[in-house]
Amino acid sequence: MQVLRRLPDNKNIAINLTVSLGRGGEACVYAVPTDGSSVAKIYHKQTEEQGHKLEVMIAHPPDNPTASLGHISIAWPTEALYSSDGTDRIVGFLMPRLRGMRPIIDFYNPRTRRQHCPLFNYQYLLRTARNMAAAFASLHTSGYCIGDVNESNILVSDAALVTVVDTDSFQVSDPSHKTVYRCKVGKPEFTPPELQNKNFGQHERSETHDLFGLGVLIFQLLMEGTHPFSGIYQGTGEPPAYEARIAEGHFTYSQGRRVPYVATPIAPNWEILHPTLQQLFVRCFEDGHYDPKLRPSAQHWLLALAEAEEALVTCSSNPQHIHSNHLHKCPWCERTSRLGGRDPFPSPEAIAAKEHLKPRIKSKRPSYQPQRIPQNTTIPWKATNFPQRVSAQNVPYYQPIKKRRLYPMMFCLIGFGLLGYLDWMIKLTNRPFISQSAYTQQLLQQNQASANNYTFDDYYKQGHALYKIRNYQEAVDRFSKAIEKKSEHSKAYVNRGNAHYNLKEYQAALADYNKAIEINPSEIKAYVNRGNVHHMLAEYSTDPDEEYKLAIADYDRALDINSKDAEAFIRRGIVRSQMAKYSGDSQHDFKKAINDFNYAINISPKRAEAYYQRGLLRYQIAQYSSSFESEYKQAINDFSKALKINSRLAKVYLKRGVVRYELAQYGLAKAGKNHKKAVDDLQKAAKISLEQEDMDSYQQALSSICVVLENRCDTFFQNSSVLGKSS
C-alpha cells in the first residue's frame, strides 16, 4: 500500500507500507520503513469526518507528562497520511511506535503478572495507578475525553510506565468550528450509570464519565483484578450483569447503603486499601452515582495515590510484600495462606527457584470465614518489629505538566498544604527507575538480544507458547512477526486469528481466517473458526440470522472437506440450537442440532464437549417440552458422561447443579436428593474454578449456591471445602 506524507512546504513524499503489525475492525497498523520510531494506522474505510477529527487532534496535542523520562504516555497522532490516488483524502496517520508494553490487565491479573512480571509488587501497582491518573489529567486539561475507557486501551511497561492508546477514538472538540466528534463506543464494565444502555453516538462524553472508568481501573489495579461491582449475589434468580449492577449503583463495598452483594471470598480485603483511597472509591462509585460531579478528578487520585505510596512499609518475611502502614500485619502473608500457598507477590528467592509457577498447594483442612460488607471503621496502625519504610524512589512517576494550569484548581479543591506535599513527592519520585531496577535491565537486555535473527519457526513457536498460557496479545505479536517472515503460511494466519478471537477482536480474527482460506482453500480450521466468529458477531448484529447462516455455511464447507471433523459438527450444533430459540419450527431445528452432537459423539466418543453441549440442548428443550422431566434427566445423563471423560470441567458441574436444583423445585420424586446433589455439584464447580483461577465461574458458582440454599450460605461456607486454606 502506498500513502503520502505531506511536508511543511506542501510537497508529498510517497511511503510504501508492506509490513503489517496488526489488523483491527476499523484499521490496519503498518511499520514505517523510513522511520522506526513511528507506525502508520490506515483505515479500511476512510470518512471525511475522520479526516477533520485527525486534523484537530494533530493541531492540538495534549502535554506529555513523561517527556523528561523519554516515555510517551499518550499515543497521539503526529501526522496525517493522504491517499496516493490524487483525491487528497486523509486515509490514516502516523503515531509513536510502542515497544515493551502490555495491556494493564496483565499486571492487575495475578496469574498473568506472576507469569510475565513476577517482581511487579504492590508499590509498582500504586505507581502504575499514579502514572495512569497523570495521563488522564493531561487529557482532561487539554479538553479531551477518552470516552471508551477500558483495560485494552491502557498499556503498561515492566517499569510501571503507562501509555494510553487508541486515541483516535477519543471525543474531540474542534475549537474553531464548535464541532464535537463523539466517541461512539464503550465497554459496559467501565461505563458510568448515567450512560448505561445509551447510544454513545448520540451522547457527548464529559470528564466525569471518564473518571468512573478511571476509578474502575485503579480499583482493579489495587484489588488484584477485582471489579468494584463484582460480588456474590444475595438476591434470587440469576446474578445481574455488571451493567445492571452499575446502573443500580450497587457498589459491593458500599459504606452508606445496603446492596444485595457481598465481596467474593477470593477478593482481597477492602481494608488493604489506604484509608484515603477507600474514601475516594466511595466518592467515585457511591456518591458519584447520585451526583457524577462528586467523582474524584484525576488530580485527586494523584494526591491520594502519592499519600498511599508514602505510607508503604515492607514485610520482614518477604521484601516483595509491601503494604500500607495502617495495617497491623502483612495482608499478603495472610492472602498467601488463604490462597493455599499461592503468593500474589512471590519473593525473589521463590522466583529464582520458579516456585511461583508451580501448582497451588491444596489444603487438607480448608476453612472459610465469609467476608462481610465493610463498615466505616479503620484499622489502627500498631508498631511492630517488622515493617520498614519503603523508599519512594523505587518506581518511575510521571512528572507533572510543567504548565501550572492544574494548580489553581487543586488549590480550590485541596489547598496549598497538599500542593506543597505533592511537589515534594514529585522531586523524590521523578527519576527513572529503569536504571535502578535489575529486573527491568535484564528484561531490556533479553528483548534486545538477537531478535533480528529469529526465523519464522522461532516466532511461530513463541506464538504457540504464549497462546498456550493465554497471553493472547503477545501471541498476536509473535504470529505477526512470523507472518512477516513467511506471508503465505495459512496456519500462521489461523493461529493469529485464534488469538484475536480470544481477545474479542472479532473483525481482526475474521480478516485472518479469510486470508488463511485465500492461501489454502482447504484449511478446515479456518472455516470452523470463521464460523465461530460469525456466531459471536450474531450477538452484536441487527440481523443475527444472517450471521448464523454464514456460520452454518462455514461449518458445512469444513464438513465437505472432511466429513469426520467432530469440531465442525459440535459448533454447527451449537449455532443450530441458538437458531432454534427464535425459529418458527423450533422442534425441527432442535432435532437437527441433536443430530449434529450425535454425529460428533459417534466420530469422537471421548469428546466431553459434545456431551456437554448436547446436555445444554436437552436442558433448553426442557423449557419448551411437556415431558420436561425426561429432558432434564437426559441432560443430567449427558453432563455425567462429560464428567466421566474429564472430571475437571467446572462448567459442567455448574450446569448439572443448576438442572438438578430446578428438577428438585418441581417437588417430584427424589426432590431432596436432587437438591443435595445440586449443592454438591455447585460446590465442586466453585472448587475447580478457584483452583483453575477462573474467577468469573467461581463467583457464579458461589452465587448459585446462595440461591439454592436460599441465602443461608454463610454456615455452609464455614464448614465446606469451597475455598483453599484460610488464615
Side-chain angles (χ1 to χ4, degrees), residues 21 29 32 35-39 41 57 61-79 94-108 116-117 119-120 123-142 144 146 151-167 170 214 217-218 221 298-299 301-302 305-306 309 392-403 406 422 425-448 473-474 477:
L21 301 177
V29 176
V32 180
D35 184 0
S37 64
S38 299
V39 295
K41 185 172 183 178
M57 295 179 71
D63 290 321
N64 177 16
T66 49
S68 65
L69 297 179
H71 176 77
I72 296 167
S73 62
I74 304 168
W76 202 254
T78 57
E79 186 178 331
L94 294 180
M95 62 180 180
R97 183 166 188 170
L98 305 175
R99 302 177 189 273
M101 309 285 288
R102 290 197 298 273
I104 194 171
I105 190 174
D106 283 0
F107 295 88
Y108 67 64
H116 304 298
C117 198
L119 287 175
F120 205 91
Q123 186 182 11
Y124 281 74
L125 294 173
L126 276 167
R127 189 58 62 88
T128 300
R130 290 175 68 179
N131 296 343
M132 180 170 59
F136 274 63
S138 177
L139 287 165
H140 290 166
T141 301
S142 299
Y144 294 107
I146 295 173
E151 78 286 357
S152 63
N153 289 347
I154 308 294
L155 302 183
V156 181
S157 76
D158 294 316
L161 294 168
V162 170
T163 302
V164 183
V165 298
D166 288 341
T167 56
F170 290 4
L214 175 61
L217 286 170
I218 293 175
L221 269 172
Q299 293 87 359
W301 283 113
L302 275 170
L305 290 162
E309 190 171 348
Q393 301 180 9
N394 284 345
V395 192
Y397 173 47
Y398 285 160
Q399 291 181 351
I401 301 169
K402 290 183 179 180
K403 299 175 184 178
L406 300 179
L422 179 60
M425 280 298 298
I426 290 170
K427 290 176 182 177
L428 287 177
T429 59
N430 65 4
R431 293 189 301 175
F433 182 57
I434 294 176
S435 62
Q436 301 173 20
S437 168
Y439 176 66
T440 304
Q441 287 180 340
Q442 181 182 2
L443 284 173
L444 291 173
Q445 291 169 1
Q446 291 173 352
N447 289 339
Q448 295 168 357
Q473 195 67 55
E474 290 294 316
D477 177 71

Testing the basics here: between [X] and [Y], what is the closest heavy-atom pair and its distance to 0.1 Å?
{"X": "Leu98", "Y": "Ala75", "result": "CD1-CB, 4.3 Å"}
{"X": "Ser38", "Y": "Val32", "result": "O-CG2, 3.6 Å"}
{"X": "Leu221", "Y": "Tyr108", "result": "CA-CB, 3.6 Å"}
{"X": "Val165", "Y": "Ser152", "result": "CG2-O, 4.0 Å"}
{"X": "Ser138", "Y": "Ile74", "result": "OG-CD1, 4.1 Å"}
{"X": "Pro96", "Y": "Val39", "result": "O-CG2, 4.1 Å"}

Quiz item: How would you list all residue pairs meeting side chain to side chain donor-acceptor pair (under 3.5 Å) that involve residues 94-105, not counting sequence neighbours?
Solution: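 Those involving residues 94-105 are Arg102-Asp158.
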Exercise. Carefully, step by step, assess Met101 and Ile72 under the rule side-chain contact (heavy atoms from CB on, under 4.5 Å).
Key: CA-CA 11 Å; Met101 309 285 288; Ile72 296 167; over 6 Å; no
So does [Y] get a backbone contact from the side chain of [X], meaning a donor-acceptor N/O pair under 3.5 Å?
{"X": "Asn64", "Y": "Ser73", "result": "yes"}
{"X": "Asp35", "Y": "Ser37", "result": "yes"}
{"X": "Thr78", "Y": "Leu94", "result": "yes"}

State, yes or no, whether a side-chain contact exists between [X] and [Y] at a heavy-atom distance under 4.5 Å.
{"X": "Val156", "Y": "Leu161", "value": "no"}
{"X": "Leu214", "Y": "Trp301", "value": "yes"}
{"X": "Thr167", "Y": "Pro77", "value": "yes"}

Quiz item: Can you say whether the rings of His140 and Phe136 are parallel (under 30°), tilted (30 to 60°) or perpendicular (over 60°)?
Solution: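 Correct class here is perpendicular.
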Exercise. Using ring pair (Phe, Tyr, Trp, His ring centres under 6.0 Å) as the criterion, list what pairs up with Tyr144, not counting sequence neighbours.
Key: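 Here the qualifying residues are Trp76.
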Self-check item: ring pair (Phe, Tyr, Trp, His ring centres under 6.0 Å) partners of Phe170, counting only residues at least two apart
Solution: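 Not a single residue meets the ring pair (Phe, Tyr, Trp, His ring centres under 6.0 Å) criterion with Phe170.
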What's the separation between atom [atom1] in [X] and atom [atom2] in [Y], rounded to the nearest 0.5 Å?
{"X": "Gln473", "Y": "Leu155", "atom1": "CD", "atom2": "CG", "value": "7.5 Å"}
{"X": "Asp106", "Y": "Glu151", "atom1": "CG", "atom2": "CD", "value": "10.5 Å"}
{"X": "Thr163", "Y": "Ile104", "atom1": "OG1", "atom2": "CD1", "value": "11.0 Å"}

Quiz item: Going through the distances and angles, do Ile154 and Leu217 end up as a side-chain contact (heavy atoms from CB on, under 4.5 Å)?
Solution: CA-CA 9 Å; Ile154 308 294; Leu217 286 170; 3.9 Å; yes
